[in-house]
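So the structure is just underneath, and the comments pick up after that.
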Amino acid sequence: MSVQRRITILVVVMMFFILLVIGRYAWLQLVQGSELAERMRYQVGQDYLVQSPRGAIIDRNGRELAASTMTKSLFVDPNHVENAEQLAADLAPLVGKTEAEVLEDINVGGGFSWVKRRMEQSEYEAIRALIREKGYASCLGFRDEAKRYYPNDVLAANLLGFVGTDDKGLDGIEQALDKYIKGEVTESFLYTDTQERPILESIFVRHGYQGDMCKTIQLTVDSAIQFIVEQELDRAMAENSPLSITCIAMDPRTGEILAMANRPSYNPNRFWDYDQLAWKNLSVSMVYEPGSTFKAITSAAALQENVVSPNQVYVDPGFVMVSGKRIQNWNDASFGTVTFADAVKQSLNTVFALVGLDLGADKLIEYTKKFGFGEQTGIELPGEEVGLLYEPDDMVDSDIATMAIGQSVAVTPLQLVTAMSAIANDGILLKPHIVKSIKNANGTTYSETHIEEVRRVIDSATDKTLVGLLEQVVATGGGKKASVRGYRVAGKTGTAQKVNSDGTGYDEGKYIASFCGFGPVENPQVALLVVIDEPYGSFYGGQIAAPVAGRILSQIFRYLRIEPSDVNLIEEELGEDVGEGDSAGSSMILNQRVELENPKYDEPAEVEFDYQNENVPEGSAVVPNFKRKSIREVARLADELGLELDSTGSGFAVEQSIAPGEVVERGTRVRVEFSP
């Protein structure tokens, strides 16, 4: 056989084998490709449904208020269960169910049924051991699911809300921002060995969540202030046994909520153990008549419209009749001839009813709306109510008069503290916020909240006059028990009879006591509202709500390290005890003393008289030098000497109607003018 023939045969054979290989390759790739790829995938690895944990909720300082951890959830494949009774008997004690309950899960049928979701680690380990021992791998399996934890239990529960079984927020921040913080389920493939252990590059694959959900929410709330508030609410619940208490602390300079709390409350880790009424955030959902706290709004409108001035004189007969309706003072008494400033301090319904009538329905409603009542504030919380307001054309004189004293109008606690914050903020209304920022899962910033000015509600000059009146309420009026030693606090108390549930008339013997105020007056950093619903026993706001507010403000001022306002009290409380190591306290006192020794205005030094001199005739008193003293200190001195104080303005005393050192009869009225 020739060489050429042999070469030809070899080429033909080779071509045959090449065509055979190509055909086989085409058969495997084109015809059986999908089936073989799936078989290979099944043999060398597993498909996993990866659950990304829900984003955390943290306070303004980064402390965790809500967090998620990954847990195992157990499911059964009913189609592959060989002995349902035996499986139920083995599983029941490990998952905390009865055999009948496990059988019910199995009898659902199909290829999937939950047995227990979000198990503890000990439960997971016990069931894994059972699967290996009894060979239940064909019918039992696990899936990763996120479990929500609230490390502080009850703290801030009503504003945080809680999460349901399908990682769905059901109340509070969890519900309002669910689309941002909700976890996401994604499919992932992992190469494993025969023992289902990750192999090859699977070990090095980055499994961190890179998606668009699972964001971290940073609140404006300070958990330390929140704790202070809730601790005092617990104390008030024990002392007064009310139906509920609501408290909001806000920074009036920014509109940021520092604390928001209700009592009764609940533990969101076990929310199902509580009555659903305890889940409600009363701060935004409670609608009530504010009573005398609303007189701050009436005063703002009347002062701005020049309807009244602080020194305008009224004659208080004890009650007034308006459209056949009797409006009387809180104590059913007449206060005689009083100024408007006195009416604010003593919360006289008769005077405010007359002021409301002078103001008129249109202006009263106009300013009420300017302060944000009658509409949602827009805070990042669900369930916010709008309150109730009359239309001016629908109001008769009695409606105007009662609205001026805080009845015939319904508000939410958040609306009221936001309005009071506007007074503290030089007359500028800000939008309240409880979310400070939102962070992406990779740590970058998704959004940040900034100060949002809504509108100016009253002029700066009017606001300063109003602040002076409200400061006198706390210094010498009905809000004395909200005062904080060494600090200047302004505010207004309120006592409102509750409306009947059917909306007709008032419920006899049921009241809402409240206090709304802010401080320190010279640089307001905290606005606070305390609302006590149906207290047992005493029901006046000045008696039970004001003390709660005073205790809360006292602790917050110290926590925020706000320097006291009163120089004399600084020296009294710190001056003798400040050691060399307390440089902050020493420098503060030194600065205050330098200011006193080097006054910014030219006037001769005042002579201090011994106003407790033993030679003073009985029934008489020596008028002290009130200048440069705070309203609170002047009121204390006047009370000790039996003098009647008539104060105007706010800040520190600059003028007094009776010269220091004069001997006067006890009960003499002394007018003192205060200025910042």
Side-chain angles (χ1 to χ4, degrees), residues 158-159 172-173 175-177 220 246 248 250-252 254-257 260 262 280-291 293-301 304-305 356 359-395 399-400 402-435 449-458 463 466 492 494 496 499 503 512 514 516 518 527 529 531:
N158 296 99
L159 67 90
I173 290 292
Q175 177 184 339
L177 302 181
T220 62
T246 302
I248 306 173
M250 176 187 285
D251 187 336
T254 62
E256 293 180 344
I257 301 296
M260 180 181 284
N262 300 331
K280 292 184 66 175
N281 186 353
L282 299 177
S283 299
V284 296
S285 64
M286 177 184 182
V287 177
Y288 72 107
E289 288 192 352
T293 51
F294 190 79
K295 289 173 182 173
I297 310 305
T298 305
S299 299
Q304 181 64 43
E305 292 296 318
L359 193 60
D362 290 326
K363 287 297 180 182
L364 187 57
I365 294 295
E366 176 188 334
Y367 279 91
T368 301
K369 289 182 176 180
K370 276 187 176 182
F371 272 97
F373 298 101
E375 62 181 7
Q376 292 181 338
T377 65
I379 197 171
E380 307 91 338
L381 286 170
E384 184 179 9
E385 296 287 349
V386 298
L388 296 170
L389 279 183
Y390 272 110
E391 288 296 327
D393 293 341
D394 297 333
M395 299 178 74
D399 296 327
I400 300 171
T402 53
M403 182 175 175
I405 65 173
Q407 296 179 348
S408 301
V409 58
V411 307
T412 67
L414 181 61
Q415 288 175 336
L416 188 57
V417 75
T418 302
M420 186 61 78
S421 292
I423 296 172
N425 191 40
D426 198 41
I428 298 174
L429 181 70
L430 300 180
K431 179 180 178 180
H433 289 286
I434 202 165
V435 174
T449 301
H450 302 284
I451 298 174
E452 290 187 53
E453 181 178 324
V454 180
R455 68 183 73 89
R456 174 172 281 283
V457 289
I458 54 176
D463 189 75
L466 178 59
K492 190 72 189 72
V499 178
I512 294 178
S514 59
C516 191
F518 55 88
L529 171 66
V531 181

- prompt: Does any N or O in the side chain of T298 come within less than 3.5 Å of the main-chain N or O of A404, such that one atom is a donor and the other an acceptor?
  reply: yes
- prompt: With side chains defined as the heavy atoms from C-beta onward, is the minimum distance between F518 and M250 less than 4.5 Å?
  reply: no
query: Would a 4.5 Å heavy-atom cut-off, applied to side chains only, mark E256 and I434 as touching?
result: no
- line: Between S299 and L466 the two heavy atoms that sit nearest each other are CB-CD1, 3.6 Å
message: Any heavy-atom pair between the side chains of L429 and R456 that's under 4.5 Å?
response: no
query: If only atom types and distance count, is the side chain of D251 paired as donor or acceptor with the main-chain N or O of I257 below 3.5 Å?
result: no
field: 4.5 Å side-chain heavy-atom contact, E305 and L359
entry: yes
field: Chi angles and distances behind the side chain to side chain contact (heavy atoms under 4.5 Å, CB included) call for T449, E380
entry: CA-CA 11 Å; T449 301; E380 307 91 338; 4.2 Å; yes
message: If you define the side chain from C-beta out and look only at heavy atoms, does anything of L388 sit under 4.5 Å from V409?
response: no
message: Distance check, rounded to the nearest 0.5 Å: F371 atom CZ versus I423 atom CD1?
response: 4.5 Å
task: Report yes if some heavy atom in the side chain of F294 is under 4.5 Å from a heavy atom in the side chain of T368; otherwise report no.
output: yes
field: V411 vs V287, side chain to side chain contact (heavy atoms under 4.5 Å, CB included): CA-CA, chis, key distance, verdict
entry: CA-CA 5 Å; V411 307; V287 177; over 6 Å; no
message: Less than 4.5 Å apart, side chain to side chain, heavy atoms only: is that true for K492 and C516?
response: no
- prompt: Between I379 and K431, is any pair of side-chain heavy atoms under 4.5 Å apart?
  reply: no
message: Between R455 (side chain only) and V457 (backbone N and O only), is there a donor and an acceptor less than 3.5 Å apart?
response: no
task: Name all residues meeting the side chain to side chain donor-acceptor pair (under 3.5 Å) criterion together with Y288; count only those two or more places apart in sequence or in a different chain, and write none if there are none.
output: none
- line: So CG of L282 and CE of M260: to nearest 0.5 Å the spacing works out to 11.0 Å
Main-chain N/O of S283 paired to N281 side chain as donor or acceptor, under 3.5 Å: yes
field: Side-chain donor/acceptor of E289 to backbone N/O of S408, under 3.5 Å
entry: yes
query: So how far is it from I173 CD1 to N158 CG, rounded to the nearest 0.5 Å?
result: 12.5 Å
message: Return the CD to CD distance between Q376 and E384, rounded to the nearest 0.5 Å.
response: 5.0 Å
query: Atom CE in M286, atom OG1 in T246: separation rounded to 0.5 Å?
result: 5.5 Å
Listing, residues 413-420 side-chain donor-acceptor contacts under 3.5 Å, not counting sequence neighbours, or none:
from : atom 1 : to   : atom 2 : distance (Å)
Q415 : OE1    : T412 : N      : 3.1
Q415 : NE2    : E375 : O      : 2.8
Q415 : NE2    : V386 : O      : 3.0
T418 : OG1    : L414 : O      : 2.6

query: So M403 and I365, side chain to side chain contact (heavy atoms under 4.5 Å, CB included) or not? Walk me through it.
result: CA-CA 9 Å; M403 182 175 175; I365 294 295; 3.5 Å; yes
query: At what distance, to the nearest 0.5 angstrom, does CD1 of I297 lie from NZ of K369?
result: 15.5 Å
statement: Closest non-hydrogen contact found for A527 with S421 is CB-OG, 3.3 Å
- line: On a heavy-atom basis, the closest approach of P290 and S514 is O-OG, 3.9 Å
